[in-house]
Amino acid sequence: MGTVKVTVLAGGVGGARFLKGLRTELRRAYPNGDGGSTAEITAVVNTGDDMWLTGLRVCPDLDSIMYALGGGNDEQRGWGRAGETERVSAELSAYGIGWPWFTLGDLDIGTHIARSSFLRDGLTLTEATARLCERWNPGVRLLPMSDQPVETHVEFMLDGKRHIVHFEEWWVKHRAAVPAKRFIQVGVEAAHPTPQVLSAIAHADVVLLAPSNPVVSIGTILGVPGMREALRATRAPIVGVSPIISGAAVRGYADACLTAIGVETSAVAVAKHYGARPRGGLLDGWLVDEADAVAVPVLEASGLPTRAVPLWMRDADTSAQLAADALALARVPR
Ligand code: GDP
Ligand code: CA
């Protein structure tokens, strides 16, 4: 009896919900102590949203997942820590530093201080993340996509002027309402997937693409030189879950990101954007929502095994069932 290894490419909040469901499903399918197989989840996480802010290294997607799986997230608000206060941020703005539209909570700042301290001691981001996770016990191995900093910047025109800003400024301050001209991955030329990421992809039994933003979460991960090649080379089946249901992003502004790169906001277009592996793309399977069932014959005719299942991750049960459906399409034995 061995260990079933599941590797997931993920962004922040959509990634966290999916990973939580996957963890539930695998704990159910492989209960501990029965002498049988066990399961191990590794998440390869987008770090394109990372930044230095008020002297601290902030990693929004890694933290969204770490808090959500560690039980420390704010369920109502959908991001950050439960029971937050913002006293430190008020002090920082009195000094005129930081981003007024991107408030960091006091508890959250504790995480960023710890991370910055680890990095200053010479740890890699992978090692620093592992240290943070010792406290949170997410039950999933969290790996940044790269140890080299890669930051997504967004170019747009506003008031007749060209602007290039950090992704979070476009997303949070402008609510992605100003049409993006392009996304730039600053630092990507010098970046590569970590050895841990390459190993997690090469030795996986199945690779899943979470229903994360196809452009600025999954797209950023795929943009790291060598990542696509590693995925194309793995023997594991790669199954993706559509983040688009009935032609709309379920939460957030993924539609604005897709429009910017010339991809229609539909489950079919996103699947074609990733591509079917036999035709030079990445996917061996794709899940669309039941509302998009008409996409199934279309995509199957183009060589991509596709199933229509409920894709709304409303709670623990629906998220776990979605993970089970993804594993079933990948034919992971249970
Ligand atoms: P972020 O980094 O916090 O923006 O989160 P991700 O990139 O991981 O995920 C954001 C994407 O998740 C959004 O673009 C949505 O389209 C998608 N999403 C959010 N909730 C759901 C859901 O319940 N079902 C599906 N299928 N997709 C979802
Ligand atoms: Ca993100």
Side-chain angles (χ1 to χ4, degrees), residues 8-22 43-51 58-69 73-75 77-80 102 140 142 144-145 150-154 166-172 175-176 183 185 208-223 239-261 263-267 269-271 273 286-292 295 306-323 325-326:
V8 183
L9 271 50
V13 175
R17 279 175 191 255
F18 183 72
L19 284 163
K20 222 169 154 180
L22 181 64
V44 175
V45 182
N46 170 42
T47 54
D49 304 357
D50 295 9
M51 75 206 86
V58 180
C59 301
D61 288 2
L62 280 168
D63 288 347
S64 290
I65 297 177
M66 185 173 76
Y67 294 154
L69 275 75
N73 62 317
D74 187 326
E75 291 277 355
R77 193 170 55 168
W79 54 275
F102 197 84
V140 166
L142 290 191
M145 64 188 195
V150 175
E151 285 188 6
T152 305
H153 288 204
V154 187
H166 188 280
F167 168 73
E168 294 288 359
E169 184 166 342
W170 178 70
W171 188 261
V172 178
R175 296 169 189 268
F183 298 97
Q185 285 186 277
L208 303 175
L209 306 193
S212 290
N213 190 307
V215 184
V216 294
S217 292
I218 305 291
T220 307
I221 298 172
L222 298 177
V239 169
V241 180
S242 175
I244 304 300
I245 300 177
S246 305
V250 180
R251 301 179 176 89
Y253 323 112
D255 48 339
C257 301
L258 287 165
T259 303
I261 64 161
V263 175
E264 189 193 317
T265 302
S266 76
V270 174
H273 174 63
W286 184 242
L287 293 182
V288 300
D289 190 71
E290 288 172 321
D292 294 315
T306 305
R307 302 283 178 277
V309 300
L311 288 199
W312 274 91
M313 300 184 287
R314 293 178 203 281
D315 50 34
D317 284 346
T318 50
S319 305
Q321 184 55 49
L322 174 54
D325 291 334

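Atoms within each ligand, like the ligands themselves, are counted from 1 in listed order. Any value given below was found using the heavy atoms of this structure, including those in side chains, with hydrogens, waters and symmetry copies removed.
Among protein heavy atoms, the minimum distance from atom 4 (O) of ligand 1 is reached at Trp171 CZ2, 4.4 Å. For atom 23 (O) of ligand 1, the nearest non-hydrogen atom of the protein is Met313 N, 2.8 Å. The protein atom (non-hydrogen) at minimum distance from atom 8 (O) of ligand 1 is Ser212 OG, 2.6 Å. Among all protein heavy atoms, the one lying closest to atom 7 (O) of ligand 1 is Ser217 OG, 2.6 Å. Of all protein heavy atoms, the one closest to atom 10 (C) of ligand 1 is Asn213 N, 3.8 Å. Ranking protein heavy atoms by distance to atom 5 (O) of ligand 1, first place goes to Val13 N, 3.1 Å. Shortest contact from atom 2 (O) of ligand 1 to any protein heavy atom: Gly12 N, 2.8 Å. Counting protein heavy atoms only, atom 12 (O) of ligand 1 is closest to Pro211 O, 2.8 Å.
Residue Leu311 has at least one heavy-atom neighbour below 4.0 Å for each of these atoms of ligand 1: 22 (C), 23 (O), 24 (N), 25 (C), 26 (N). Near Gly15, with a cut-off below 4.0 Å to any heavy atom, the atoms of ligand 1 are 8 (O). Under a 4.0 Å criterion applied to the non-hydrogen atoms of Trp312, ligand 1 contributes the atoms 23 (O). Each of the following atoms of ligand 1 lies closer than 4.0 Å to a heavy atom of Ala254: 14 (O).
Side chain to side chain, Asp315 and Thr318 meet the donor-acceptor criterion of an N or O pair below 3.5 Å. Between the side chains of Gln321 and Asp325, at least one donor N or O lies within less than 3.5 Å of an accepting N or O.
The atom of Asp61 nearest to the Ca ion (ligand 2) is OD1, with the search restricted to N, O or S atoms. Restricting Asp49 to its N/O/S atoms, the shortest distance to the Ca ion (ligand 2) is reached by OD2.
Using a 4.5 Å cut-off on side-chain heavy atoms (C-beta onward), Pro60 and Trp171 make no contact. Counting heavy atoms from C-beta on, the side chains of Phe183 and His153 never come closer than 4.5 Å. Counting heavy atoms from C-beta on, the side chains of Leu222 and Leu9 come closer than 4.5 Å. In this structure the side chain of Pro214 reaches within 4.5 angstrom of the side chain of Pro243, judged on heavy atoms. Side-chain contact check for Trp79 versus Asp74: every heavy-atom pair is 4.5 Å or farther apart.
Within the structure, the closest approach of Ser242 to ligand 1 falls below 4.0 Å when heavy atoms are considered.
Summarising the contacts of atom 22 (C) of ligand 1 with Arg17, Arg251, Arg314, the nearest heavy atom is found in Arg251.
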### Message
If you apply the rule side chain to side chain contact (heavy atoms under 4.5 Å, CB included), what do you find for Leu258 with Val270, and how did you get there?
### Response
CA-CA 9 Å; Leu258 287 165; Val270 174; 4.0 Å; yes

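Residue Pro243 places at least one N or O, backbone or side chain, under 3.5 Å from an N or O of ligand 1. The shortest N or O to N or O distance between Gly14 and ligand 1 is below 3.5 Å.
The existence of a salt bridge linking Lys20 and Glu75 is confirmed by a sub-4.0 Å separation between a basic side-chain nitrogen and an acidic carboxylate oxygen.
Heavy atoms from other residues, nucleotides or ligands lying under 6.0 Å from CZ of Arg77 number more than 12.
The proximity of Asp61 to ligand 1, defined as any non-hydrogen pair under 4.0 Å, is limited to the side chain.
No donor-acceptor pair closer than 3.5 Å links the side chain of Thr47 to the backbone N or O of Asp50. In this structure, the side chain of Glu168 does not engage the main chain of Phe102 through any donor-acceptor pair within 3.5 Å.
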